[in-house]
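Below is one structure, written out as structure tokens, with a few remarks after it.
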Amino acid sequence: MFRLLVLLLLALSSVVHALSSTGNRLLVVTDDPAIDKEKYSTFWRDLESMCTPSPANWILVAHIQIGRGYRLSFESPKNDKLALFQHGERTVDHIMLLPTRSKGMLRLLVAQTRPDLKLKVSGLR
Amino acid sequence: MDVHLSPDRASLVVDHFNYDTISAGDKHDVLLIEKPSALRSDVKNFFGGGGLIALPRAIAQELGSSSQLLTPILRAPETTYSYNPKEEAENVAEPFAVGSQISLVSSMQARNSARFTILGSAEALEDAWFDRTVQGPAGKAVKSSNRAFAKTLTGWTFMETGVLKVGKVEHHLSTISDNKSGNDSVAQLGYLNPTIYRIKNDVVSRYKHCCFLETPN
């Protein structure tokens, strides 16, 4: 009975909370989200939820998943509808840029952070 | 930001003494580097631990010295150089960067605490390299510790580790101190964190940082 209570308490206290001190939304910008999800699948899995069982928390492992708890979203740099800020607040807390072939990356970042500038991108390979 | 990449887009980092004999026996473009040690003796090392990191086809970054906020996390060993595989010349007259000038992983922390990291080899994060057996020319076959390094690197960049957290803030008038008796001592009720001060009050404040976050293991 007591064990059940303890487990219940632990379940409530482990709302999936990222370890990061600034938030758990991670945006990954990549040319090919489908391919890169496969290529780096272990890496994404480690970020989204990582459970390192140790003697101290074997009881937690059995019932609750503690995670690094990031919520990943994948976007292509050509996506015009991507908005990093909405109503003055951030929509994502972290950004990861994977190598892309398109020139859209620079345009995307500038458009998001300095919407007053109109940029013409040329000469990049 | 003072990070320079090689002017020709096809340059890779090559090392004839620290390469992976299993996958890059002829091209020598997969580097095997030990996890970095602390940059200075008084600075904590977040990226340490044993093991070799395998960096396939990495790009060399050269860091300028104008900013104190920019540091290399992983520097290449002395025998490394940046090389364009499309160039046919036997001897490279002036390589872009050489030796420990080359920074393979660099990071910068801006004044608003935002962190920015450049990892020279995206392939090092691939599934194939997370658990691969690698062998240096002089060593024995070991598993690459890319996964652990990715964990510490993302831990640093996404503000998990190395973050000061403010625990408790206390402030009060400086005329109130510990060892005075009477109305000016800390025994006075309600002296702590008052909601209002007057102009020309002398205030003493204390911040207690509760913890310097480290990734739990």
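Quick note on labels: first sequence line is chain A, next is B, and so on, each numbered from 1.
One distance of note links CG of B:L125 with CG of A:D36; it measures 10.5 Å at 0.5 Å rounding. Expressed to the nearest 0.5 Å, how far CD of B:E160 lies from NE2 of A:H94 amounts to 7.5 Å. Interatomic distance, CH2 of A:W44 versus CG of B:D127, reported as 10.0 Å (0.5 Å rounding). Here the straight-line distance linking atom CG of B:N146 with atom OG1 of A:T42 works out to 11.0 Å at 0.5 Å rounding.
When all heavy atoms are compared, the tightest approach of B:A150 to A:F43 is CB-CE1, 3.8 Å. In this structure, A:T22 and B:F158 approach most closely via the heavy-atom pair OG1-O, 4.1 Å.
Other residues, nucleotides and ligands place no more than 12 heavy atoms under 6.0 Å from the CD atom of B:E34. Remark: B:Y197 OH is packed, more than 12 non-hydrogen atoms of other residues, nucleotides or ligands lying under 6.0 Å away.
When the options A:L26, A:L47, A:D46 are evaluated for a side-chain contact (heavy atoms from CB on, under 4.5 Å) with B:T154, the one that passes is A:L47.
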